[in-house]
Amino acid sequence: MSLEEMQARVRKLQDIEDIKKLHRKYIFMLSNYQWSDMVECFSKNAVADLDPDGKYIGKEEIRKLIVGVIGERINPLRPKGGQILDQPIIIVDGDKATGIWFMNRYNSNDTTKEHWRIMKQYYNYPETVEAKPPQISRGKYDAEYVREDGEWKFHSLKWNFPWPRYD
Amino acid sequence: MTLEELEKNVQTLEDINEIENMHRDFIYWLNNRQSEEWLNEIEFTKAIEYFTATAVIEMSSYGIHRGKHEVNKLLERLVSEVAFSGGRIIVTQPIIEVDGDKAEGRWVTYRFTEAPTSPPNTKLVLNWEQGECISGYVKEDGKWKFGSMKWTYPWPIPD
């Protein structure tokens, strides 16, 4: 094997680690209410499709979603819990890559009514279930990454919540 | 370090990454039940591809299963039983040791279930259980597969 071929293999391993770092950093910033910093994880023409808020195309629209919608909904003075991101499967192909991640959300008792409504809808819980949401709920990320100006960014990010769902 | 030594080290890192991806992919498959129709129509051909023809699975209350036929039956049962309990499985903290075309992995696993209790005083009950999964992996035709799997839960085993 030539040195060039070896460099390409090492480069791919480094890319996988860099991509994991990007996605973990994004979730760290979510937990830490760094809304504007989260936006910088997206490429210029990225698409964000985050349950339950829907699809936003382009970085400036994504800014409206993250800073204006999600950031306004979550009150840092009344934390609603946290999340752990795990089980990455990253596949790199040159300057593009795909990723799947599992995320557990840990909810406090005052989790929003909207969150609880979604959970009941997808899991067909009886209406008589008392309005206390589960302490742990789960979702899945389907991501596409792109190398932009030498740095990995989200090209598309789909947050499936809850996951798995019963259709 | 020579180029040959470097190549060997890189190969080990690639193998670890491929093994972790394969194991996680299997867990996504196990979790991804969506509807009764999906469950009825599912073909287990994809799942069985994760295992060698002579694979052995030992799973706490389910016992020991040898070879593709028995493994297939176990997977059908697992998916059916977990499917509508609101359950899901997580595997994390992998420790993978590679030795040529064989490898061993140790993972911590979590199995969560949540379901409403019977009316009239219905409440949502969440249970979780920690487990340990020790897997033997084999590279067959350039692809990593499970050669063995010992899944113990609860873990650690209570005295």
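Note that this is a predicted model, so its numbers are computed, not measured. Throughout, protein chains are lettered first and strands after them, A, B, ... in sequence-line order, and every chain is numbered starting at 1. Computed over heavy atoms, backbone and side chain alike; hydrogens, waters and symmetry mates excluded.
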Exercise. Tell me, do B:V91 and A:Q87 make a side-chain contact under 4.5 Å, heavy atoms counted?
Worked result: yes
Give a yes or no on whether [X] and [Y] share a hydrophobic cluster (residues Ile, Leu, Val, Met, Phe, Trp, Tyr; joining criterion: side-chain heavy atoms under 4.5 Å apart).
| X | Y | result |
| --- | --- | --- |
| A:W159 | A:V47 | no |
| A:Y33 | A:L85 | yes |
| B:Y62 | B:I57 | yes |
| A:L13 | B:V98 | no |

Problem set entry | Residue-level interface, residues 95-102 of chain A with chain B, non-hydrogen cut-off under 4.5 Å | A:I100, A:W101, A:F102
Problem set entry | Working for side-chain contact (heavy atoms from CB on, under 4.5 Å), residues A:M6 and B:L6 | CA-CA 8 Å; A:M6 187 60 66; B:L6 181 61; 3.7 Å; yes
When rounded to the nearest 0.5 angstrom, what is the spacing between [atom1] in [X] and [atom2] in [Y]?
| X | Y | atom1 | atom2 | answer |
| --- | --- | --- | --- | --- |
| A:I89 | B:E18 | CD1 | CD | 12.5 Å |
| B:Y28 | A:K140 | OH | NZ | 7.0 Å |
| B:W128 | A:N104 | CH2 | CG | 11.5 Å |
| B:Q93 | A:D86 | CD | CG | 8.5 Å |

Would you say [atom1] of [X] has more than 12 non-hydrogen atoms from neighbouring residues, nucleotides or ligands within 6.0 angstrom?
| X | atom1 | answer |
| --- | --- | --- |
| A:D53 | CG | yes |
| B:K150 | NZ | no |
| A:L3 | CG | yes |
| A:K25 | NZ | no |

For this session: Identify which of B:I27, B:L3, B:N21 forms the greatest number of heavy-atom pairs closer than 4.5 Å to chain A.
Result: B:N21
Problem set entry | Contact origin within A:M1 toward chain B - heavy atom pairs under 4.5 Å | both
For this session: Could you go through the side-chain contact (heavy atoms from CB on, under 4.5 Å) check for A:R9 and B:Q11 one step at a time?
Result: CA-CA 9 Å; A:R9 288 170 67 179; B:Q11 183 66 54; 2.9 Å; yes
